Every structure is written in C-alpha cells, then in structure tokens.
2 protein chains.
Amino acid sequence: MAHKFADAGWGDITIAFPLNIREIDEINQLAGKISLNILIDMPEQISALSTSLKHPVGFYIKIDLGYHRAGIEPANTELIERIIGYSKSGQLTFKGFLTHSGNTYQASGKQEIFAIHESAALELSKLKRKYQSEYPGIIVSCGDTPSCSLAEDFSEIDEIRPGNFVFYDLMQLRIGSCKFNEIAAAVVCPVVSVYPKRNEALIYGGAVHLSKEAIINADGSRNYGLVVPFVDGRWQSPMGDDWLVSLSQEHGIFKTESTWAKSLSAGDLVAVIPVHSCLSADLLRSR
Amino acid sequence: MAHKFADAGWGDITIAFPLNIREIDEINQLAGKISLNILIDMPEQISALSTSLKHPVGFYIKIDLGYHRAGIEPANTELIERIIGYSKSGQLTFKGFLTHSGNTYQASGKQEIFAIHESAALELSKLKRKYQSEYPGIIVSCGDTPSCSLAEDFSEIDEIRPGNFVFYDLMQLRIGSCKFNEIAAAVVCPVVSVYPKRNEALIYGGAVHLSKEAIINADGSRNYGLVVPFVDGRWQSPMGDDWLVSLSQEHGIFKTESTWAKSLSAGDLVAVIPVHSCLSADLLRSR
C-alpha cells in the first residue's frame with residue numbers, strides 16, 4: 001500500500017506496522033524515492049535492516065500502553081535503548097515513539113476513553129523527555145480513532161494517525177466516537193427476498209462485502225450492520241432497529257423491525273452501515 | 001462469478017442464490033450463451049423474469065428445511081405452486097427443488113448431522129414425488145459440506161453442491177467433516193515480532209487475509225486460525241495448541257503454546273489454517 005501512496009505523490013510515509021524483515025528489498029525501493037519511516041518493536045528487526053539498508057530510513061519505536069497487540073512496554077528501557085542504539089549507525093535515524101491505544105475500542109464510556117488517552121499521553125511524554133536531550137527533534141505519535149475523536153488535550157502529542165475517522169462506522173457510533181450523520185460509508189445492497197413470517201429479509205450483501213465483524217447487542221446477539229433506507233441516491237437515518245442478524249459468504253439476513261423495513265420488496269435497495277468501514281473499504285475496492 | 005465460469009467454458013451453471021431481480025440484464029446475457037439455472041423463493045422474482053426474459057432459463061425452488069436463511073417451507077404448497085405455475089409460460093422451465101442445510105454447521109456431532117441430512121432428503125423426495133408426474137425429469141439438490149462429507153445415503157438426492165469441501169478448513173475440522181490431512185488451503189504468513197513475556201507473536205496476517213470468522217474454543221474464547229509450521233514449502237501437522245487469539249486489519253496475534261512456536265523469531269514463516277477457507281480464498285484472490 002505504501003508503494004501506491006508513493007506512486008500517487010506522497011513523499012513522507014510511516015508504515016505503522018512493525019517491520020516485516022522479509023520486506024527489506026521493498027523498504028530499500030521506497031526509501032530511495034521518498035522520506036520513509038518504519039516501526040520497530042524488536043532488536044532483530046532493526047539489526048536486519050542495519051546491514052542491508054541502501055538509503056536513509058527513520059524509525060519509531062512502537063510502545064505498548066495496554067492494548068497488548070504489538071510494542072514494547074515503556075518500562076523496558078533496556079530494550080528501548082538497545083534499539084535506539086542503532087540510530088548511531090549508517091542510514092538509520094531515531095524519530096521517536098509511537099503507540100496505538102486500541103484498548104479504547106473495549107472502553108465503556110467516554111470517561112474510560114479519556115483515562116486511556118491521558119495515560120498514553122503521559123507515558124509518551126515521559127519517554128520523549130527522557131531521550132530528547134540526546135536525540136533532539138524526536139516526536140511522539142498516537143492514533144486510535146476513539147481517543148482522537150473524543151479527547152481535547154493533545155498538548156503532549158506531536159502527531160495523530162487515526163484511520164477510521166475518515167469514514168467512521170457502526171462500531172464508532174456505538175463507542176460514541178461519532179454521530180450517525182458523521183458516518184461517511186455505507187454499502188448499498190439489493191433486497192432479494194422477504195420472509196414476512198419470520199420478520200426477516202435477504203439481501204445480496206454478505207461477509208465478502210461487509211466482513212464478519214460484529215458488535216454485540218444488549219441481549220448478547222451479534223449485529224453485523226445497521227440497515228437504513230436508501231432514497232434518491234442517499235442513505236437516510238435509521239427508521240428503527242433493523243440490523244443484520246447473520247452473514248454468510250454472500251447472504252445477509254436482516255431483521256425487519258420497523259414499518260419501513262416490513263414494507264420492502266424484492267428489488268428495493270437498502271443501505272447497510274458497516275460495523276467496520278476499514279474492512280468493507282478493503283473488501284469492496286476490487287469489486 | 002457466473003460470467004467468469006461461462007467465459008472459462010462451463011456450459012451448465014446454477015446460480016445458487018435466490019434471483020436478484022436487478023440482475024435481469026445479466027441473466028439474459030448469460031442465458032444467451034449457456035444453459036443457465038436460477039433459484040426462486042418468491043413469486044415476485046419469477047414474475048419479474050417472465051416478462052423480460054429473452055432466452056430459456058431453468059429454475060429451482062429454494063426450500064428452507066430448518067436453516068432459515070433463504071427458501072420456502074416445504075409445507076407452503078400454495079406458494080410453491082404459484083411459482084411452479086410460471087413454468088407454463090415462455091422461457092421458464094421448472095427444474096426441481098434445492099436446499100442448503102447450513103444448520104449442520106451448528107450441529108454437535110455426527111448423529112445430529114445425519115439426522116438433519118436424512119430429514120432434508122425425506123422432505124425433498126416427498127416434494128419430488130408430489131410434482132414429478134406433472135413435471136417429469138425434475139430433480140432435488142442439496143449441498144452443505146458437513147452432510148456431503150459425512151452422510152452415506154444419497155439415494156433420494158439427485159445432485160449435491162458442496163463448495164467448501166474443495167478446500168476444507170478449521171471449521172470443518174472442528175465439525176468432524178474432514179481430517180487435518182484433507183485440508184487443502186493455508187495462508188503462509190511471516191512472523192513479524194515475538195513477545196515471549198506474554199507467549200504471543202505477531203504475524204502479518206489479519207482480517208484482510210483471513211476474515212474475522214472464528215470458532216469458539218471450549219473456554220469461550222474466539223479462535224481465528226490454527227498456526228502450524230511451514231517447512232520446505234509445505235505446511236505441517238499442528239505441533240500444539242497454537243492459534244490466533246485476535247485479528248485486526250493486518251495484525252494477527254497468536255498464542256505460542258508449543259515448544260516449536262516459542263522458538264520462532266522475526267522473519268520465520270508459519271502457515272495459518274483458516275477458519276473459513278471460502279472467505280480466505282475470496283480475500284486473497286486479488287492480493
């Protein structure tokens with residue numbers, strides 16, 4: 001994907017995924033064309049680079065502040081300093097610290113999101129202060145969409161990188177990161193069949209279009225997308241509690257709870273607000 | 001997809017999804033080239049066709065035998081007969097009855113799968129006998145992979161259409177439809193980072209490669225794929241209970257339970273047996 005952005009004229013790109021050392025040839029190609037930054041959370045990644053890099057590359061150290069997906073704990077300064085050490089050699093420049101507080105997706109309410117954000121900002125700024133006398137110009141970067149949408153205080157943060165708030169989606173609506181009218185992605189699907197006896201309808205819209213990402217309803221059931229009217233080329237506000245109860249490869253079944261949904265017939269179009277717009281954007285790009 | 005098969009030389013295709021009446025132009029294009037069968041579970045679908053069809057098309061009536069995704073209940077002979085009625089007009093030929101017993105995916109054990117299959121075969125054969133004197137040559141068709149893999153008696157069934165048993169996957173292994181060495185699809189992924197303290201490793205392999213389909217482990221946790229060694233271009237039998245505990249867009253985290261998995265380092269390759277090979281095949285076709 002970085003190649004596509006570079007070809008489209010972007011000259012300063014950070015690949016916000018820990019370095020896959022099998023991609024060193026591609027890193028070299030990109031670094032010869034643009035200002036490239038990569039992410040490191042293991043000494044092995046950067047040591048592999050240090051012997052084979054042909055052009056300057058900046059690196060951020062990925063910090064794990066509680067999400068436990070990738071990154072180094074901030075207290076592990078021994079590991080951090082082993083990695084920073086490589087900035088003294090060859091083509092590598094230490095750019096700073098980067099985190100993704102994806103644990104905000106599991107937060108219950110804004111106060112918990114604020115608490116995660118404030119704690120992350122504090123830890124990042126402590127790291128920055130610790131190393132900036134030796135490495136002036138280093139920055140700290142964070143980027144989960146719930147924090148970036150809701151928090152106000154970014155005074156300790158130099159850069160944000162939220163991706164999902166380009167579109168938002170049903171999950172962000174549920175978290176409280178956005179309002180319905182801020183959502184900018186929906187999948188328009190034809191109604192194929194209606195089953196009045198079970199208050200359900202079949203759409204051509206399945207896991208290959210919407211992904212199997214779900215949010216959990218209050219009763220424990222899984223919700224694969226919110227179904228709303230699609231009129232004159234625009235999707236409308238929800239008319240009721242019409243949501244996808246199941247998805248298989250190309251079949252989507254929705255529960256027709258509202259009067260509007262009960263009146264649908266074969267051939268009508270509806271819009272589905274996806275649970276995760278990133279996955280739907282990826283799925284639909286090649287169709 | 002039917003266009004691709006037709007272009008590749010397939011001359012007899014059944015689109016096993018209830019007719020999307022917005023695709024009548026495409027149905028006409030296909031029916032002009034090949035012997036095409038479609039699926040009907042609503043009179044509106046076939047009435048829309050009957051006025052606009054330019055070439056002969058065969059149709060099956062989709063029957064719902066307990067999965068409740070699509071189809072007509074077999075007892076609803078009034079609806080069935082309204083649909084069959086269209087075979088007396090123009091280009092439409094009634095071909096028979098078709099079902100998909102996807103409820104076998106929720107079955108606990110082979111006996112329950114056999115029971116679902118036998119009941120489906122009985123219902124289909126009753127429908128066939130009821131209508132075959134007036135419509136000689138009609139057939140009945142079923143097609144879920146668990147039944148087609150495990151059941152022995154298909155004497156009442158004229159056609160099977162299982163798709164998943166081309167590859168099998170982790171879900172079929174769990175159901176008991178296949179053995180490990182019958183699985184024919186895996187996704188080879190690089191190990192990007194290892195986190196010994198939490199017995200986990202990061203692979204470049206996420207929801208955009210494997211889908212968010214999961215099976216539920218005995219303890220209620222979600223399992224997004226089984227991780228096995230990949231040696232000399234071949235994937236191996238599982239070395240332990242190494243599975244993906246979480247997936248996000250491009251990140252996969254696996255629990256490194258076995259000695260083999262604990263010894264992995266950045267740059268190694270592993271193979272992931274996907275939960276649902278159909279979704280992975282679709283996701284990987286354009287990468």
Side-chain angles (χ1 to χ4, degrees), chain A residues 1 17-24 40-45 47-48 62 64 68-73 76 100 102 105 163-164 190-195 197-198 200 202-204 206-208 211-214 246 248-251 253 265-269 275-276 278-279 282-283 285-287, chain B residues 1 17-24 40-45 47-48 62 64 68-73 76 100 102 105 163-164 190-195 197-198 200 202-204 206-208 211-214 246 248-251 253 265-269 275-276 278-279 282-283 285-287:
Chain A
M1 196 192 291
F17 191 98
L19 176 71
N20 171 5
I21 64 176
R22 301 181 77 92
E23 290 186 341
I24 288 178
I40 298 296
D41 71 350
M42 249 191 122
E44 287 79 352
Q45 293 158 349
S47 68
K62 174 78 179 265
D64 179 6
H68 304 321
R69 184 174 71 174
I72 300 169
E73 290 174 24
N76 195 346
H100 177 73
Y105 284 73
N164 191 265
V191 175
V192 171
S193 291
V194 294
Y195 308 106
K197 199 170 147 190
R198 52 186 167 101
E200 289 179 349
L202 169 67
I203 59 169
Y204 178 67
V208 300
S211 93
K212 279 231 159 181
E213 191 89 74
S246 78
S248 40
Q249 194 82 356
E250 283 140 348
H251 295 70
I253 297 291
S265 58
D268 289 342
L269 293 177
V275 172
H276 192 171
C278 302
L279 288 173
D282 177 71
L283 287 163
R285 66 178 177 161
S286 59
R287 280 164 212 278
Chain B
M1 196 193 290
F17 191 97
L19 176 70
N20 171 5
I21 62 175
R22 302 182 76 93
E23 290 185 342
I24 288 177
I40 298 295
D41 71 350
M42 250 190 121
E44 287 79 351
Q45 293 157 350
S47 68
K62 174 79 179 263
D64 179 6
H68 304 321
R69 184 174 72 175
I72 300 169
E73 291 175 24
N76 195 345
H100 176 74
Y105 283 74
N164 191 265
V191 174
V192 170
S193 291
V194 294
Y195 309 106
K197 200 170 145 190
R198 52 185 168 101
E200 289 179 349
L202 169 68
I203 59 169
Y204 178 68
V208 300
S211 93
K212 279 231 159 180
E213 190 89 75
S246 78
S248 39
Q249 195 83 356
E250 283 139 347
H251 295 70
I253 297 291
S265 57
D268 289 343
L269 293 177
V275 172
H276 193 172
C278 302
L279 287 173
D282 177 71
L283 287 163
R285 65 178 178 162
S286 59
R287 281 166 212 275

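Naming: A, B, ... by sequence-line order, numbering from 1 per chain. Everything numeric in this text was worked out from a predicted model, so none of it was measured.
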- Query: If you count heavy-atom pairs under 4.5 Å between each of A/E200, A/H68, A/H276, A/R198 and chain B, which one has the most?
  - Reply: A/R198
- chain B interface, residue from A/D64, A/I253, A/L269 that has the most non-hydrogen pairs under 4.5 Å: A/L269
- Message: Evaluate A/K197 against B/E73 for side chain to side chain contact (heavy atoms under 4.5 Å, CB included), listing each step before the verdict.
- Response: CA-CA 11 Å; A/K197 199 170 147 190; B/E73 291 175 24; 3.1 Å; yes
- Hey, are the side chains of A/V192 and B/Q45 touching, using non-hydrogen atoms and a 4.5 Å cut-off? yes
- Query: Given side chains that start at C-beta, do those of A/S265 and B/E44 come closer than 4.5 Å, heavy atoms only?
  - Reply: no
- Between A/H251 and B/H100, is a side chain to side chain contact (heavy atoms under 4.5 Å, CB included) present by the stated rule, with each step listed? CA-CA 12 Å; A/H251 295 70; B/H100 176 74; over 6 Å; no
Quick one: what part of [X] sits under 4.5 Å from any heavy atom of chain B, side chain, backbone, both or neither?
{"X": "A/S193", "result": "both"}
{"X": "A/L279", "result": "both"}
{"X": "A/R69", "result": "both"}
{"X": "A/E213", "result": "both"}
{"X": "A/I72", "result": "neither"}

- Item | Shortest non-hydrogen contact from A/I21 toward B/A266 | CD1-O, 3.3 Å
- Message: I need the minimum non-hydrogen distance between B/I203 and A/F17, along with the two atoms involved.
- Response: O-CZ, 3.8 Å
- Rounded to the nearest 0.5 Å, the CD atom of A/Q249 sits from the CG atom of B/N164 at a distance of 9.0 Å
- Item | Short side-chain to backbone donor-acceptor contact, A/R22 and B/P190, under 3.5 Å | no
